[in-house]
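Encoded as structure tokens, the structure appears first; notes follow it.
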Number of protein chains: 2
Amino acid sequence: MRYAAEHKDQTRSALLKAAAEEMRAHGPDGVSVAAVMKRVGLTHGGFYAHFDSKDALIAAAVGEMFVHAARRREKYAGSITSIDGFIDSYVSAVHRDNPSRGCPIPALMSEAGRWPKGARKAFDEGITRLAQRLAVLMPSHVTEPQAAAMSLIAEMAGAIALSRSVADAALSDALLDSSRAALKQRFTSN
Amino acid sequence: MRYAAEHKDQTRSALLKAAAEEMRAHGPDGVSVAAVMKRVGLTHGGFYAHFDSKDALIAAAVGEMFVHAARRREKYAGSITSIDGFIDSYVSAVHRDNPSRGCPIPALMSEAGRWPKGARKAFDEGITRLAQRLAVLMPSHVTEPQAAAMSLIAEMAGAIALSRSVADAALSDALLDSSRAALKQRFTSN
DNA sequence: TTGATGATATGATAAGCATCATACTATGAA
DNA sequence: TTCATAGTATGATGCTTATCATATCATCAA
């Protein structure tokens, strides 16, 4: 190896990270190879030394997002000991307003169904992992923690996606508030 | 008018309908002007006699979807007298498996946030209308029907979008089942 | 210091697409 | 039956984009 040993790996990671952000901000179709390379400080031609195709980049980026999200969760695992805390930070205006750094689920939910299976597999695993993580936190009055966790994810992700879709700020806030309140009432360990 | 009086209107309607289906099936970026014209049996050139731009078509198609969904609801308003019935038909495998004829909300949720305001306005109205419709059906033990309706929409739409995203059929079913059961328990009038 | 080679750049190609200018055609009025 | 015109078709333009072939550059071993 003539370049520093991890040079290529670093570039690849940077590309993945850039693609993951672009994807959540502009959608999968809004990601262009040239734009991603530029973000990393390179030009478009060298791209194919790192990925076989754009589709391969997209698939890998989806995986990256979920892995990153999981790592983040584990990092703060200590501070999030109740469902309440999780709901508050997830169903929040900050999360709504920063899609490029947020959870991939609400950012990509409605388009993922149109992807090839490879890219969707990452979704399966991401959702399953998150559900397991949340199931553990369920208060004792919840009889089926795993099912409850899935239902919780559906509403949290739905609320964020909805709140990003509407044009009216007040309606957007109301959507977040309604879901947050309903979920906390449902899942508070009181 | 040399053509039959409503000729152009019919073509326009057909274009809207085709665009609305294409959009839910392939995403807004997956809709090409030529493809929509072809679906209607025309060629791409004449498109601009009907719409100023592709964006105008998209915006109108979003509006169309919501209007159509509302009409459908009103049509079956008599048969849907309880929230239960609505939840059952919405959070269903049939709905999941037919995005092009289904509710626009889960089909477009995560991309709508990236649209220009014009197209998003249709979302506001569609969601508001649906929330009002559902609020009326809320059982008496629900204290804030409007907020409860928004929370209900978030979970229903989230569940459909999620169930479409995952690759594994069993997981997809589980997601639907979990949300359906949770919602029915929450909103049954018993 | 030099050369081999892995990483990146330049430039080209071809396809897809929205948009538009212009030509044609079907239709109802005369 | 003929003509004016609304609606549609043909074909072109220019842009963006993925992909690839080839050239150049940066680094480490010797």
Side-chain angles (χ1 to χ4, degrees), chain A residues 1-62 64 111 114-116 118-119, chain B residues 1-64 108 111 114-116 118-119:
Chain A
M1 315 211 172
R2 301 310 135 111
Y3 273 62
E6 349 69 40
H7 195 152
K8 194 170 185 180
D9 284 348
Q10 284 180 351
T11 302
R12 191 191 152 93
S13 299
L15 283 174
L16 277 181
K17 194 183 161 200
E21 290 188 14
E22 289 268 303
M23 234 173 130
R24 278 170 290 187
H26 309 120
D29 296 327
V31 177
S32 96
V33 169
V36 172
M37 291 295 277
K38 196 177 203 174
R39 259 176 79 106
V40 173
L42 302 177
T43 55
H44 64 279
F47 174 78
Y48 293 86
H50 299 280
F51 294 94
D52 284 347
S53 67
K54 185 185 169 178
D55 283 352
L57 170 70
I58 298 285
V62 176
E64 222 278 325
E111 21 214 335
R114 302 189 291 261
W115 296 345
Chain B
M1 314 209 170
R2 301 312 135 111
Y3 273 61
E6 350 68 40
H7 194 151
K8 193 171 185 180
D9 284 348
Q10 283 180 353
T11 302
R12 191 191 152 93
S13 299
L15 283 175
L16 276 181
K17 194 181 159 199
E21 289 188 15
E22 289 269 303
M23 236 174 129
R24 278 171 288 188
H26 309 118
D29 296 327
V31 177
S32 96
V33 169
V36 172
M37 291 295 277
K38 197 176 203 175
R39 259 176 80 106
V40 173
L42 302 177
T43 55
H44 65 280
F47 174 78
Y48 292 86
H50 298 281
F51 293 94
D52 284 348
S53 67
K54 184 186 171 179
D55 283 351
L57 170 70
I58 299 286
V62 176
E64 222 280 323
L108 304 171
E111 21 213 336
R114 302 188 291 262
W115 298 346

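Residue numbers begin at 1 in each chain, while the letters A, B, ... track the order of the sequences.
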Indicate the atoms forming the closest heavy-atom contact of [X] with [Y], along with that distance.
X: A:Phe51; Y: A:Ala60; answer: CE2-CB, 4.1 Å
X: B:Gly30; Y: B:Glu22; answer: O-OE1, 4.4 Å
X: A:Val31; Y: A:Lys54; answer: O-NZ, 2.7 Å
X: A:Pro28; Y: A:Trp115; answer: CG-CZ2, 3.5 Å

Contact class for A:His50 vs. all strands (heavy atom < 4.0 Å): base, sugar-phosphate, or nothing?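 Here A:His50 touches the backbone only, sparing every base.
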Could you tell me whether A:Val31 contacts a base, only the sugar-phosphate backbone, or nothing, with contacts defined as non-hydrogen atoms closer than 4.0 Å? sugar-phosphate
Just one of B:Glu21, B:Glu64, B:His50 clears the side chain to side chain contact (heavy atoms under 4.5 Å, CB included) bar with B:Leu16, so which one?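 Of the listed options, the one satisfying the test is B:Glu64.
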Kindly point out which of [options] is positioned nearest to the side chain of [X]?
X: B:Leu42; options: D:dT19, C:dA18, D:dA9; answer: D:dA9
X: B:Thr43; options: D:dT10, C:dT10, D:dA18; answer: D:dT10
X: A:Ala49; options: D:dT19, C:dA18, C:dT8; answer: C:dT8
X: B:Ser32; options: C:dT19, C:dT8, C:dA18; answer: C:dA18
X: B:Tyr48; options: D:dT10, C:dA12, C:dA18; answer: C:dA18

Can you pull out the residues from residues 53-63 of chain B that lie within a 4.0 Å heavy-atom distance of DNA chain C? B:Ser53, B:Lys54
Specify the separation, in whole Å, of atom [atom1] of [X] and atom [atom2] of [N].
X: A:Phe47; N: C:dT10; atom1: CZ; atom2: P; result: 18 Å
X: B:Asp9; N: D:dG7; atom1: CG; atom2: C1'; result: 13 Å
X: A:Asp29; N: C:dC17; atom1: CG; atom2: C1'; result: 13 Å
X: A:His44; N: C:dA7; atom1: NE2; atom2: C1'; result: 15 Å
X: A:Met37; N: C:dA7; atom1: CE; atom2: P; result: 13 Å
X: B:Asp52; N: C:dA18; atom1: CG; atom2: P; result: 15 Å
X: B:Arg12; N: D:dA6; atom1: CZ; atom2: P; result: 18 Å
X: A:Phe51; N: C:dA7; atom1: CZ; atom2: P; result: 14 Å

Quick test of your reading: applying side chain to side chain donor-acceptor pair (under 3.5 Å), list the pairs with at least one residue in residues 24-38 of chain B, sequence neighbours left out, ordered by first then second residue. none
Residue-phosphate contact under 4.0 Å: A:Thr11 side-chain N/O, C:dA7 OP1/OP2: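 For C:dA7, OP1/OP2 do not have a side-chain N/O of A:Thr11 under 4.0 Å.
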What verdict does the side-chain contact (heavy atoms from CB on, under 4.5 Å) test give for A:Met37 and A:Leu15, after you've listed the backbone C-alpha separation in whole Å, the side-chain angles of each residue and the deciding distance to 0.1 Å? CA-CA 7 Å; A:Met37 291 295 277; A:Leu15 283 174; 3.6 Å; yes
